[in-house]
Structures are given as C-alpha cells and as structure tokens.
Amino acid sequence: AAAGTANPVAVATGPAQAAPGSKVRLDGRQSSARRYRWTQVSGPWVALDDASSATPSFRPRVPGLYVFELEVEDGSTRSAPAQVVVTVVSGQGS
C-alpha cells in the first residue's frame with residue numbers, strides 16, 4: 001500500500017449452516033478492495049460461481065465442512081486471507 005494508506009483487509013462471511021443442494025452465497029463486500037480472490041481450502045470440492053467477485057456462490061452436494069479463504073487486493077497490495085466455514089448438514093429444516 002502507498003505510504004499513509006492502510007493495507008487492504010479481507011472480511012469473509014457466509015451462512016453458518018446450509019443444506020445439501022441449496023445455493024450458498026459467500027460475502028466479501030465488507031472488505032476494502034478492488035479485486036477479490038476466493039479459494040476453497042478444505043471440504044468436499046465445489047465449483048464457486050464467480051470466484052473473483054465479492055459474492056460468489058456454490059451448491060454443496062454432500063454434507064461436510066466447507067472452508068474458503070478470501071484474499072483481496074487494492075491494486076498493489078494483497079491482504080492476509082480471511083476464512084469462512086460453512087457446515088453443510090442433511091436433514092436441516094425437515
């Protein structure tokens with residue numbers, strides 16, 4: 001970051017729980033950034049729709065812990081990663 005400006009900060013949120021097959025949206029809009037990079041770091045693999053946006057989504061097929069990291073950039077400096085965990089449990093809401 002330029003002198004006198006703060007480094008970008010990643011803020012990642014998402015639902016604590018979700019059901020298999022439901023659409024799960026992650027949210028990085030509270031981050032101070034121009035560019036977003038979401039990465040799945042743990043759990044059953046899923047495809048993120050639009051992983052370079054502030055609010056990507058995915059549809060988990062199986063129960064498990066899904067862990068994602070968000071790194072953001074302000075054009076010159078990358079943030080430390082912020083992590084979000086979504087627990088996917090079958091039988092929720094039935």
Side-chain angles (χ1 to χ4, degrees):
T5 62
N7 285 338
V9 176
V11 179
T13 60
Q17 286 196 337
S22 64
K23 185 174 187 175
V24 179
R25 183 167 300 284
L26 304 176
D27 192 342
R29 288 177 294 185
Q30 293 178 33
S31 304
S32 57
R34 284 194 214 136
R35 283 192 229 124
Y36 302 85
R37 189 177 85 184
W38 292 90
T39 309
Q40 184 177 3
V41 293
S42 183
W45 185 85
V46 292
L48 273 179
D49 298 332
D50 207 2
S52 61
S53 77
T55 56
S57 61
F58 68 96
R59 285 190 190 274
R61 290 195 168 91
V62 296
L65 277 181
Y66 293 74
V67 184
F68 299 89
E69 282 186 349
L70 170 63
E71 290 177 313
V72 296
E73 292 181 38
D74 63 5
S76 60
T77 308
R78 182 178 293 162
S79 71
Q83 206 169 76
V84 60
V85 179
V86 179
T87 305
V88 175
V89 234
S90 55
Q92 287 299 107
S94 55

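Heavy-atom basis, side chains included; hydrogens, waters and symmetry copies ignored.
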Heavy atoms of other groups near Q30 CD, more than 12 under 6.0 Å: no

Taking all non-hydrogen atoms of both residues, which atom of [X] and which atom of [Y] are closest, and how far apart?
X   : Y   : answer
P44 : L65 : CD-O, 3.9 Å
V88 : P20 : CG1-N, 3.6 Å
P60 : A19 : CG-O, 4.0 Å
S31 : V11 : OG-N, 2.8 Å
S79 : P8  : CB-O, 3.2 Å

Using atom types as modelled and distance alone, determine if a side-chain donor or acceptor of [X] lies under 3.5 Å from a backbone N or O of [Y].
X   : Y   : value
Q40 : V46 : yes
S32 : V9  : yes
R25 : T55 : yes

Test salt bridge (Lys or Arg N to Asp or Glu O under 4.0 Å) applied to R34 - qualifying residues, sequence neighbours left out: none

Separation between CD of E69 and CZ of R37, rounded to the nearest 0.5 Å: 9.5 Å

Euclidean distance, D27 CG relative to S57 OG, rounded to 0.5 Å: 11.5 Å

Counterpart residues, side chain to side chain contact (heavy atoms under 4.5 Å, CB included), relative to L48 (two or more places apart): L26, W38, A51, P56, F58, F68

same_hphob_cluster(V62, V24) at 4.5 Å side-chain heavy-atom cutoff: yes

Sequence neighbours excluded - salt bridge (Lys or Arg N to Asp or Glu O under 4.0 Å) pairs with any residue from residues 58-68: none

